[in-house]
Structure formats: C-alpha cells, structure tokens
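Any value given below was found using the heavy atoms of this structure, including those in side chains, with hydrogens, waters and symmetry copies removed. For reference, positions follow the sequence shown, starting with 1.
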Amino acid sequence: MEIIDQIDLKILRILQENSKITTKEIAEILNLSPSPVYERTRKLEKKGYIKKYVAILDKKLIQRPVTVICMVSLRYHDEGFIDKFENQISGLNEVQECYHMAGKVDFFLKINLQSLDVYHEFVRIKLSKIENIGMLESYFVLKEMFHTTEYCI
C-alpha cells in the first residue's frame, strides 16, 4: 500500500469531521490552491482511503432510539455454516453492524430500533428463523457516552 503524506492525512482528517466541506474550503485551511486539493482527494478516493461519503443521522429523530448489542454464538462452526449465517444476517435491515469475533461469542451485532417491543418482534420473527444459532444474548444501551466514526490518523 502506498504511503500517503502529511497533506493527504490532513485532508482525510478534515473530511472525517465534515464530508460536505468544499475543496476550496479545504484548500484555504491547508493554505493550498483548490486544484491540488481536488487531485489529492480524488487520488485518496481512487486508492480506497475514502470508501464513501455519508450523512450520520440522529437516531432519536428518525425514531430509532433503542440500541441493542446482540451477541450470537453458533452451534456449528464450519465454513458453510458461518457463510450461511453471514449471508442471512446481512439481509436484515435492522442490523446496523455485524462483526465476526474471536472469543466466547461468534458474532457481535449492533441494532437500532424504535422500541423494546420492536426488538422482541425482530428476534421472534426474523433472528430466531436463522438456523444454527446456539446462543443469543441481548444487551440494551442505557446511555450512549460518545459515538464517533472518525479514525485517529
């Protein structure tokens, strides 16, 4: 992987804070002209440093205030069962994040929903239909202390 320089790192930091910032504004911050900032940004996109630009929504305003951390352990762990679980879980729109883990549990799911009743229905109607789940533990977030999408670079 190509090593990027300090200017590229600064561009990435700025874009993490505000992806809507214009090339001209970034250039002003870095004391550069817009053209090289534009070229550097496109290069960072092309090389995969910038995956995509997103809007981070307020989960309360969109009526998804309940955050559930769901730990899943599978009964069988061969590749076919793991692949099947990953395919099935990726089809559930309620699951915001899914991580394959090492340790006591196999998968860590983050789910944001309208209420505990909606989570109950999600487990009952959708999650419980996925075969090979051996154990399911749910943890309900009482208070979000902080949340960031920024990497320290």
Side-chain angles (χ1 to χ4, degrees), residues 1-21 23 26 37-153:
M1 178 168 288
E2 178 184 330
I3 304 222
I4 58 177
D5 65 15
Q6 289 301 310
I7 294 171
D8 288 341
L9 287 172
K10 287 177 184 176
I11 291 170
L12 291 174
R13 285 186 200 109
I14 291 167
L15 287 170
Q16 281 190 116
E17 280 184 33
N18 178 6
S19 67
K20 286 187 74 171
I21 193 169
T23 300
I26 295 171
V37 171
Y38 176 82
E39 292 302 321
R40 283 173 174 270
T41 303
R42 294 302 160 252
K43 178 187 80 170
L44 291 166
E45 291 169 352
K46 188 176 180 180
K47 294 197 179 283
Y49 285 93
I50 299 170
K51 288 181 145 187
K52 66 181 179 176
Y53 297 92
V54 299
I56 299 171
L57 307 179
D58 185 310
K59 66 182 185 175
K60 291 176 185 168
L61 293 177
I62 61 164
Q63 282 99 44
R64 300 290 187 280
V66 176
T67 301
V68 182
I69 304 301
C70 185
M71 305 293 200
V72 177
S73 291
L74 302 180
R75 280 185 256 145
Y76 308 108
H77 295 88
D78 69 23
E79 186 177 357
F81 283 110
I82 291 171
D83 289 345
K84 188 170 184 180
F85 176 83
E86 289 174 355
N87 287 333
Q88 289 174 308
I89 208 73
S90 68
L92 301 177
N93 295 330
E94 295 86 351
V95 178
Q96 189 175 7
E97 297 177 42
C98 177
Y99 301 93
H100 191 174
M101 307 292 290
K104 283 188 171 187
V105 297
D106 297 312
F107 291 91
F108 172 105
L109 311 176
K110 179 182 168 192
I111 304 162
N112 283 304
L113 295 164
Q114 297 90 330
S115 67
L116 293 179
D117 289 337
V118 173
Y119 179 68
H120 176 256
E121 287 301 304
F122 168 74
V123 170
R124 200 170 70 76
I125 294 170
K126 293 183 178 180
L127 205 53
S128 66
K129 301 290 191 256
I130 296 176
E131 58 185 271
N132 195 34
I133 292 179
M135 185 274 304
L136 178 79
E137 286 186 49
S138 300
Y139 299 90
F140 303 97
V141 174
L142 300 176
K143 179 181 177 186
E144 186 176 285
M145 304 306 290
F146 69 90
H147 174 98
T148 185
T149 59
E150 297 177 27
Y151 292 104
C152 180
I153 54 173

Asks: Is it true that K51 and E45 have a side-chain N and a carboxylate O under 4.0 angstrom from each other?
Replies: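 Salt bridge flag = no for E45 with K51.
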
Asks: I need the minimum non-hydrogen distance between I21 and N18, along with the two atoms involved.
Replies: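 Here I21 and N18 meet closest at CG2-O, 3.1 Å.
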
Asks: Is it true that atom CD1 of I125 has more than 12 heavy atoms of other residues, nucleotides or ligands lying nearer than 6.0 Å?
Replies: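 Yes, CD1 of I125 has more than 12 neighbouring heavy atoms, counting only those of other groups under 6.0 Å.
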
Asks: How would you list, by chain and number, every residue that makes a ring pair (Phe, Tyr, Trp, His ring centres under 6.0 Å) with F108, sequence neighbours excluded?
Replies: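 Partners of F108 under the ring pair (Phe, Tyr, Trp, His ring centres under 6.0 Å) test: Y99.
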
Asks: CD of E86 to CD1 of I130: how many Å apart, nearest 0.5 Å?
Replies: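 So the CD of E86 and the CD1 of I130 are separated by 11.5 Å.
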
Asks: Should we say atom NE2 of H120 is surrounded by more than 12 heavy atoms from elsewhere, each under 6.0 Å from it?
Replies: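 No, not enclosed.
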
Asks: Taking I153's backbone N and O only, do any of them form a donor-acceptor pair with R13's side chain (distance below 3.5 Å, no angle check)?
Replies: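 Between the backbone of I153 and the side chain of R13 there is a qualifying donor-acceptor contact (under 3.5 Å).
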
Asks: Determine, step by step, whether I111 and T67 satisfy the side-chain contact (heavy atoms from CB on, under 4.5 Å) criterion, reporting the C-alpha distance in whole Å, the side-chain angles of both residues, the deciding distance to 0.1 Å, and the verdict.
Replies: CA-CA 6 Å; I111 304 162; T67 301; over 6 Å; no

Asks: Among I89, L109, V95, whose side-chain contact (heavy atoms from CB on, under 4.5 Å) with C70 holds?
Replies: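 Of the listed options, the one satisfying the test is L109.
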
Asks: Once rounded to the nearest 0.5 Å, what's the spacing between atom CD of Q114 and atom CD of Q63?
Replies: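 Between Q114 CD and Q63 CD, I get 8.0 Å after rounding to 0.5 Å.
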
Asks: How many angstroms lie between atom CD1 of I133 and atom CZ of F81, to the nearest 0.5 angstrom?
Replies: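 Interatomic distance, I133 CD1 to F81 CZ, rounded to 0.5 Å: 13.0 Å.
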
Asks: Can you confirm whether more than 12 heavy atoms, excluding those of E150, are under 6.0 Å from its CD atom?
Replies: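 Above 12, so yes.
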
Asks: Between I62 and R64, which heavy-atom pair has the shortest distance, and what is it?
Replies: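 The answer is O-NH1, 3.2 Å.
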
Asks: Are any non-hydrogen side-chain atoms of V66 and N112 less than 4.5 angstrom apart?
Replies: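 Not in contact.
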
Asks: Ring pair (Phe, Tyr, Trp, His ring centres under 6.0 Å): which pairs involve residues 129-153, sequence neighbours left out?
Replies: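 Passing the test, one end in residues 129-153: Y119-F140.
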
Asks: Before accepting this row, confirm whether a basic side-chain N of the pair R75/E131 lies closer than 4.0 Å to the acidic partner's carboxylate O.
Replies: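 Salt bridge absent between R75 and E131.
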
Asks: Which pair of non-hydrogen atoms, one from S73 and one from V105, has the smallest distance, and what is that distance?
Replies: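 Smallest heavy-atom distance, with atoms named: OG-CA, 3.4 Å.
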
Asks: Under a 4.0 Å threshold between the charged nitrogen and the carboxylate oxygen, would R40 count as salt-bridged to D5?
Replies: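 Yes, this pair counts.
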
Asks: Measure from the side-chain N and O atoms of T41 to the backbone N and O of V37, and report whether any donor-acceptor pair falls under 3.5 Å.
Replies: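 Pair found, side chain donor or acceptor close to backbone of V37.
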
Asks: Nearest 0.5 Å please: distance from the CD atom of E137 over to the NZ atom of K104.
Replies: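 One gets 9.0 Å once the value is rounded to the nearest 0.5 Å.
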
Asks: Answer yes or no: is there a donor N or O on one side and an acceptor on the other, between the side chain of N132 and the main chain of Y76, under 3.5 Å?
Replies: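 Yes: the side chain of N132 pairs with the backbone of Y76.
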
Asks: How about K43: does its NZ atom have over 12 heavy atoms from other parts shown lying under 6.0 Å from it?
Replies: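 Enclosed.
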
Asks: Between L44 and D8, is a side-chain contact (heavy atoms from CB on, under 4.5 Å) present by the stated rule, with each step listed?
Replies: CA-CA 8 Å; L44 291 166; D8 288 341; 4.1 Å; yes

Asks: Examine the side chains of H77 and D106 and answer whether a donor and an acceptor come within less than 3.5 Å of each other.
Replies: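 Indeed, the side chains of H77 and D106 share at least one donor-acceptor pair under 3.5 Å.
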
Asks: Can you tell me how far apart CD (Q88) and NZ (K126) are? Round to the nearest 0.5 Å.
Replies: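 NZ of K126 is found 13.5 Å from CD of Q88.
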
Asks: Determine whether K10 and I7 make a side-chain contact, defined as any pair of heavy atoms from C-beta on separated by less than 4.5 Å.
Replies: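 Side chain of K10 against side chain of I7, heavy atoms only: no contact under 4.5 Å found.
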
Asks: Is the shortest distance from a Lys or Arg side-chain nitrogen in E39 or R42 to a carboxylate oxygen in the other one below 4.0 Å?
Replies: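 Judged by the 4.0 Å cut-off on N to carboxylate O distance, E39 and R42 do not form a salt bridge.
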
Asks: Assess the residue pair F122 and L127 against the criterion (side-chain contact (heavy atoms from CB on, under 4.5 Å)); give the C-alpha distance rounded to whole Å, side-chain angles, the decisive distance to 0.1 Å, and a yes or no.
Replies: CA-CA 6 Å; F122 168 74; L127 205 53; 4.0 Å; yes

Asks: Looking at every heavy atom in both F107 and L74, which two are closest together, and how far apart are they?
Replies: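 Smallest heavy-atom distance, with atoms named: CE1-CD1, 3.7 Å.
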
Asks: For S19 and Y53, indicate whether the former's side chain and the latter's backbone hold a donor-acceptor pair under 3.5 Å.
Replies: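 No, the answer is negative, given that no donor and acceptor are paired below the 3.5 Å cut-off.
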
Asks: Atom CG of residue position N93 - does it have more than 12 heavy atoms of other residues, nucleotides or ligands inside 6.0 Å?
Replies: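 Not buried by this count: 12 neighbours or fewer within 6.0 Å.
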
Asks: Stepwise, does the side-chain contact (heavy atoms from CB on, under 4.5 Å) test hold for I56 with T149?
Replies: CA-CA 9 Å; I56 299 171; T149 59; 3.5 Å; yes

Asks: Any side-chain heavy atom of I26 sitting closer than 4.5 Å to one from I11?
Replies: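 When only atoms from C-beta onward are counted, I11 and I26 do touch, with a gap below 4.5 Å.
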
